[in-house]
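As structure tokens, the structure follows; a few thoughts come after it.
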Amino acid sequence: MIHLIGAGGHAKVVLDALLEGGTNLSGVTVRADAPAPDLLGLPVGTPSVAPALTGLSCHVAIGAAEVRRRLYVEAEAAGGAPLTVIHPAATVSRFATVADGAFIAASAVVGPRAVVGRGVIVNHGAVIDHDCAVGDFSHIAPNTSLGGGVTVGARCLIGAGAVILPGVAVGDDVTIGAGAVVTRDVASQQTWTGVPAAPKAS
Ligand code: JB2
């Protein structure tokens with residue numbers, strides 16, 4: 001039995017991956033104040049308080065890192081077990097490590113000795129090359145490319161189409177703009193954009 005938490009855009013992508021993998025869902029929770037969701041035409045429950053989740057595998061399908069982190073904490077407190085979801089059309093090396101609650105989308109590639117942290121999103125077409133490490137609750141957006149040995153900290157957003165050159169280290173809580181090319185290390189809590197990427201002027 002699987003319990004999906006969230007019913008927005010990202011939930012559709014995760015649900016699609018689950019269904020492609022032959023999974024049946026036990027339920028979907030959304031915020032009580034959320035508008036009626038269109039979740040691929042499936043019925044969606046709307047409990048305002050998390051139901052008892054004992055014995056259920058749970059996946060938090062929400063893009064915002066802090067919300068995703070918090071809801072995993074709540075789900076585990078309610079007895080749920082974080083579930084990793086990997087689309088059957090993703091390519092994940094048998095020598096890679098993917099932690100609990102992560103999501104790997106269709107056409108993503110995770111190379112050998114790469115480590116994908118808890119609750120990470122590796123979105124469509126993203127490439128995580130060999131020996132990379134992606135920290136907990138980060139989001140690697142569609143069509144990004146992380147060269148070999150790249151490290152990305154926790155709760156980062158690596159924007160769509162960004163490229164991070166091999167061996168570069170990115171800190172925690174970093175945002176990299178879409179299409180940026182990161183050629184050198186990025187300290188925590190910074191936003192970098194452009195080609196080559198540089199700190200965004202505030
Ligand atoms: O506290 C919460 C909560 N906050 C938001 N509790 C619960 N149970 N659910 C919460 N949500 C739910 O997250 C909302 O009710 C809604 O179902 C969902 C957010 O949907 P939205 O479509 O706004 O965002 P998303 O996180 O599904 O997708 C974003 O991130 C993806 C990675 C979008 O930017 C997508 O385009 C992107 N691909």
Side-chain angles (χ1 to χ4, degrees), residues 1-20 25-54 56-87 89-90 98-99 101-108 110 116-128 134-146 152 154-162 173-180 191:
M1 296 280 273
I2 290 176
H3 200 85
L4 187 67
I5 300 170
H10 186 56
K12 290 177 186 162
V13 174
V14 173
L15 179 57
D16 188 55
L18 286 167
L19 296 174
E20 286 298 313
L25 287 180
S26 62
V28 178
T29 60
V30 297
R31 274 194 313 201
D33 61 348
D38 163 26
L39 196 55
L40 305 184
L42 296 177
V44 178
T46 57
S48 56
V49 177
L53 299 176
T54 305
L56 293 183
S57 295
C58 300
H59 189 90
V60 180
I62 294 175
E66 178 51 27
V67 176
R68 196 161 70 256
R69 187 202 64 76
R70 174 173 56 78
L71 291 178
Y72 266 127
V73 169
E74 290 180 12
E76 287 189 270
L83 174 74
T84 302
V85 178
I86 301 176
H87 193 287
V98 180
F103 173 69
I104 315 288
S107 299
V110 180
V116 174
R118 285 172 54 83
V120 164
I121 299 171
V122 181
N123 228 320
H124 297 106
V127 174
I128 312 284
V134 179
D136 294 351
F137 305 107
S138 284
H139 175 197
I140 312 300
N143 293 319
T144 55
S145 176
L146 273 52
V152 171
R155 301 170 302 277
C156 292
L157 171 59
I158 311 300
D173 302 294
V174 165
T175 299
I176 302 295
T191 297

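Counting convention: from 1, in listed order, for ligands and their atoms alike.
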Specify side chain, backbone, both or neither for Val13, according to which of its non-hydrogen atoms lie closer than 4.0 Å to ligand 1. neither
I'd like to know if the side chain of Tyr72 and the backbone of Gly101 have a donor-acceptor N/O pair within less than 3.5 Å. yes
Name the one of Ile158, Thr144, Leu157 that satisfies side-chain contact (heavy atoms from CB on, under 4.5 Å) with Ile176? Ile158
Close side-chain approach of Ile5 to Glu74, heavy-atom, < 4.5 Å: no
Can you pull out the closest protein heavy atom to atom 20 (O) of ligand 1? Residue, atom name and distance to 0.1 Å, please. Gly8 CA, 3.3 Å
Measuring from atom CG of Leu18 to atom CG of Leu83, what distance do you get when rounded to the nearest 0.5 angstrom? 7.0 Å
Nearest protein heavy-atom contact for atom 10 (C) of ligand 1: which residue, which atom, what distance? Arg31 CG, 3.3 Å
Taking the six-membered ring for Trp, are Phe103 and His10 parallel (under 30°), tilted (30 to 60°) or perpendicular (over 60°)? perpendicular
Can you confirm whether something in the protein, heavy atoms only, sits under 4.0 Å from atom 22 (O) of ligand 1? yes
Is the shortest heavy-atom distance from the side chain of Val116 to the side chain of Thr84 under 4.5 Å? no
Give the residue, atom name and distance (to 0.1 Å) of the protein heavy atom nearest atom 17 (O) of ligand 1. Ala7 N, 2.8 Å
Can you check atom 34 (O) of ligand 1: any protein non-hydrogen atom closer than 4.0 Å? no
Verify atom 37 (C) of ligand 1: protein non-hydrogen atom under 4.0 angstrom away: no
Atom 24 (O) of ligand 1 - nearest protein heavy atom and its distance: Gly9 N, 4.3 Å
Who's closest to atom 32 (C) of ligand 1 heavy-atom-wise, of Glu74, His139, His124? His139
Heavy atom of the protein closest to atom 1 (O) of ligand 1 (residue, atom name, distance): Arg70 NH2, 3.0 Å
Within ligand 1, which atoms have a heavy atom of Leu71 less than 4.0 Å away? 2 (C), 6 (N), 7 (C)
What protein heavy atom sits nearest atom 26 (O) of ligand 1, and how far away is it? Gly63 N, 2.6 Å
Considering only protein heavy atoms, which is closest to atom 11 (N) of ligand 1, and at what distance to one decimal place? Ile62 CD1, 3.6 Å
Is there a side-chain contact between Val134 and Ile140 in this structure, where contact means two heavy atoms from C-beta onward sitting under 4.5 Å apart? yes
Between SG of Cys156 and CG of Asp136, what distance do you get to the nearest 0.5 Å? 11.0 Å
Flag side-chain contact, heavy atom, 4.5 Å: Ser107 against His124: no
Closest to atom 31 (C) of ligand 1 among protein heavy atoms sits His10 CB, 3.7 Å
